[in-house]
Every structure is written in C-alpha cells, then in structure tokens.
Amino acid sequence: MDVRQLYYFLALCQQEHMSSTADLLGISQPALSKSIANLEKETGTKLFDRHGNSIQLNDYGRSFSVYAQKALQELETGLSLLRQDQYDTCGEIRISCFAFADLLSDCLLAYTSLNPKIKITISQRSHNSDDLIPDMDFILISQNDTILFNDRQHTWLPLRLCSEQSHILISPRYREYPPGVTELAMEDLKDDYFITFPISSLFYTDVTQKLCNAAGFSPKIFCSTDSFLTKMRFVDAGKAICILPECNLRMARQISPDIRTFRIRDRDTSRTLYLMCRQNALTSEAAADFWAFVQDYYRAP
C-alpha cells in the first residue's frame with residue numbers, strides 16, 4: 001500500500017465515478033481501476049459496491065476512508081514541520097523600546113508563530129541612559145522622542161506603525177461617573193492627585209505635567225514611579241488617577257478590569273509611533289525578514 005493509492009481512493013470516495021475521478025487526478029481510467037483493485041486486495045475487502053457502470057462507497061470503504069484521511073493529514077503535518085525545520089528563518093531580533101513594548105506583542109506573536117526558531121530580545125530603555133542606543137536591530141519610539149532622531153552615530157529608517165491618543169484612567173474606587181461620560185476636561189482635574197512616571201521613564205515620556213500646565217495648574221503628585229504595575233495598582237486602589245497612551249490600555253485593563261478610561265476634551269494628545277531600523281550596519285537575515293513582515297503587518301509602504 002502506498003500514499004498514491006490512498007490519494008486515489010479518497011478522490012474516488014468523493015466522486016464515486018471512475019472516469020470523472022480519473023480526469024480529476026490526471027490519470028487514465030484503467031490506471032485508477034488497477035490502483036483501487038490493488039488497494040482492495042491489500043485490505044482484503046471490497047471498498048466499493050459496483051452496479052454496472054456505477055460505483056458506490058460501501059460501509060467498509062466508508063470506515064476505511066476515515067483512517068486514510070487521518071493518515072494523509074498526519075503525513076502532511078510531518079512534511080510541513082520538516083520543511084519548516086529546514087527553511088525557517090533563524091537568528092535573533094533585538095528591539096529597544098522607548099514606548100510601551102506591549103504595542104508590538106501582537107505583531108511579534110504573529111511573526112514567531114511563522115518563525116518559531118527566532119529568538120526575540122526586548123528591552124525597555126531609559127531616556128537619560130548613557131547607553132541610549134545599544135547594539136539593537138530596531139527601536140520602538142514615538143514622534144516626541146527626538147533624541148533618537150538626532151543620533152549622529154547611526155542612520156535610522158523610521159517605519160510608521162500607528163497613531164494614538166492619551167486617556168485619563170480613573171478607578172470607580174476613586175470616583176464614579178455616569179456610564180454616558182466618555183471624556184473629561186483637564187481643568188476639572190485640578191484638585192485631583194496623579195500618579196506619574198518620573199521624567200526618565202522606562203516606558204514613555206509622561207504627558208501629565210504638560211497637559212496640566214496647559215490647563216493652568218500644576219498636578220498634585222501622589223506618587224512617581226517607573227513601575228507600570230505599581231502605578232496601576234495604586235490607580236486600581238483608588239489612590240489617584242493617571243494619564244496613559246492607548247498602547248498601555250490593554251495591560252491596564254488586565255490589572256484593573258473595572259477601570260474607566262476617558263478621552264481628554266479639547267486637548268491634542270496624539271502621537272505617532274515608529275519602529276526604526278538601523279541603516280549603517282549589516283542587517284541580519286532575521287532582522288531583514290522581520291522588517292519585511294512588520295511592513296506587511298501594518299500595511300506600511
């Protein structure tokens with residue numbers, strides 16, 4: 001018994017017609033008849049009932065077809081894995097993030113599902129670090145982080161990923177709002193306490209001070225921390241409120257499922273996020289492959 005016999009058998013199961021099945025397979029009808037006859041001889045039973053020129057799958061054939069289908073599926077899976085092991089892109093992709101790394105999570109999961117041999121190294125960077133640009137393949141950055149755009153030692157090619165707005169996050173344990181309230185004015189928050197990131201943030205440049213000053217007041221700071229988890233735990237407990245960009249909201253809701261998010265009224269908080277690729281260095285096969293994948297994932301030119 002060989003694989004070709006099983007393919008021919010399953011095709012005939014669907015068609016239940018010798019000539020049409022032979023045409024579909026691109027072989028002669030005698031060749032198909034001989035293959036099925038040999039298969040029946042090896043199984044020791046008739047798989048089809050024949051009535052003149054008609055042919056019909058019987059109970060034995062129907063039962064055998066289930067196992068034949070499973071066998072071919074297992075074979076296809078094995079061949080696919082073998083090809084994957086042989087041709088998959090290997091190596092390491094190194095990403096330094098000045099914006100919240102979770103922004104790239106879905107893209108990275110999609111990429112690594114196709115390329116399981118790739119090793120991903122992600123680091124969150126501080127804006128005042130002496131080693132601002134380590135030996136990384138990519139930089140995740142916002143348009144406001146001009147320090148990397150002014151880097152004179154390297155040439156970086158920016159790829160626009162998306163634009164986003166900042167939101168106010170308030171726990172119902174701090175203050176409750178009617179369900180229909182979806183935006184707030186900064187001026188209405190002058191008496192509230194905020195939790196901010198320090199000026200040097202491991203995640204992003206905090207816009208709280210800028211927005212509060214534009215609204216005519218200085219924010220009351222309950223706590224400044226570069227720990228996103230600590231910040232959200234305090235907000236969830238109702239100790240203060242905070243302002244975060246959209247890329248943080250998914251993780252924030254996982255920490256605090258009932259958190260309320262509000263748009264900021266009459267203030268432009270938009271920013272554009274970029275993935276930047278080093279241009280004045282040799283690009284690895286893995287980095288080049290990932291760069292092409294990101295362009296397609298974000299439908300970027």
Decide side chain to side chain donor-acceptor pair (under 3.5 Å) for Ser163 and Ser270; before the verdict, give the C-alpha distance in whole Å, the side-chain angles of both, and the deciding distance to 0.1 Å. CA-CA 7 Å; Ser163 295; Ser270 62; over 6 Å; no

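- Atom CG of Leu275 is separated from atom CG of Leu140 by 6.5 Å, given to the nearest 0.5 angstrom.
- Atom OG of Ser142 is separated from atom CZ of Arg271 by 4.5 Å, given to the nearest 0.5 angstrom.
- Asp258 is linked by a salt bridge (Lys or Arg N to Asp or Glu O under 4.0 Å) to Arg173, counting only residues two or more places apart in sequence or in another chain.
- For Tyr177, the ring-ring contact (aromatic ring centres under 6.0 Å, His included) partners are Phe262, not counting sequence neighbours.
- Looking at every heavy atom in both residues, Phe293 comes nearest to Cys107 through CE2-O, 3.6 Å.
- Shown here are the side chain to side chain donor-acceptor pair (under 3.5 Å) partners of Ser65, two or more places apart in sequence or in another chain: there are none.
- For the ring-ring contact (aromatic ring centres under 6.0 Å, His included) test, no residue two or more places apart in sequence or in another chain qualifies with Tyr8.
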Which donor-acceptor pairs under 3.5 Å do the side chains of residues 34-41 make with protein atoms, sequence neighbours left out?
residue	atom	partner	partner atom	Å
Asn38	ND2	Lys34	O	3.3
Glu40	OE1	Arg50	NH2	3.3
Glu40	OE2	Leu47	N	2.9
Glu40	OE2	Phe48	N	3.4
Glu40	OE2	Arg50	NH1	3.4

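- Distance check: Leu75 CG to Thr77 OG1 gives 8.5 Å after rounding to the nearest 0.5 Å.
- Salt bridge present: Arg267 and Glu187 bring a charged side-chain N and a carboxylate O closer than 4.0 Å.
- Leu32 and Leu72 fall within a single hydrophobic cluster, where Ile, Leu, Val, Met, Phe, Trp and Tyr are joined by side-chain heavy atoms under 4.5 Å apart, directly or via other members.
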Applying side chain to side chain donor-acceptor pair (under 3.5 Å) to Ser105 and Asp102, what does each step give before you reach the verdict? CA-CA 5 Å; Ser105 293; Asp102 189 53; 2.9 Å; yes

Apply side chain to side chain contact (heavy atoms under 4.5 Å, CB included) to residues Arg263 and Thr182 and explain how you reach the verdict. CA-CA 6 Å; Arg263 294 190 300 271; Thr182 59; 3.4 Å; yes

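- Tracing side-chain contacts under 4.5 Å through hydrophobic residues (I, L, V, M, F, W, Y), one reaches Leu169 starting from Leu229; they form part of the same cluster.
- Lys220 pairs with exactly one of Asp191, Asp192, Leu189 by the side-chain contact (heavy atoms from CB on, under 4.5 Å) rule, that one being Asp191.
- Classified by interplanar angle (parallel below 30°, tilted 30° to 60°, perpendicular above 60°), the ring pair Phe197/Phe228 is parallel.
- Atom CD1 in Ile141 sits 12.0 Å away from atom OG1 in Thr272 (nearest 0.5 Å).
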Could you go step by step and tell me if Val235 and Ile195 meet the side chain to side chain contact (heavy atoms under 4.5 Å, CB included) rule? CA-CA 8 Å; Val235 173; Ile195 301 174; 3.8 Å; yes

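- Linking Ile, Leu, Val, Met, Phe, Trp and Tyr residues whenever their side-chain heavy atoms come within less than 4.5 Å leaves Leu109 and Tyr111 in two separate clusters.
- Note: the hydrophobic cluster containing Ile27 also contains Tyr7 (ILVMFWY, side chain heavy atoms under 4.5 Å, direct or indirect links).
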Show me the donor-acceptor pairs within less than 3.5 Å that the side chains of residues 57-64 make with the rest of the protein, sequence neighbours left out.
residue	atom	partner	partner atom	Å
Asn58	OD1	Tyr60	N	3.0
Asn58	OD1	Gly61	N	2.7
Asn58	ND2	Lys46	O	3.0
Asn58	ND2	Asp49	OD1	3.3
Asp59	OD1	Arg62	NH1	2.9
Arg62	NH2	Leu57	O	3.1

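- Criterion: ILVMFWY side-chain heavy atoms under 4.5 Å apart, direct or through other members. Under it, Phe100 and Ile255 are part of a common hydrophobic cluster.
- Note that CG of Asp106 is 9.0 Å distant from CG of Leu108, once rounded to the nearest 0.5 Å.
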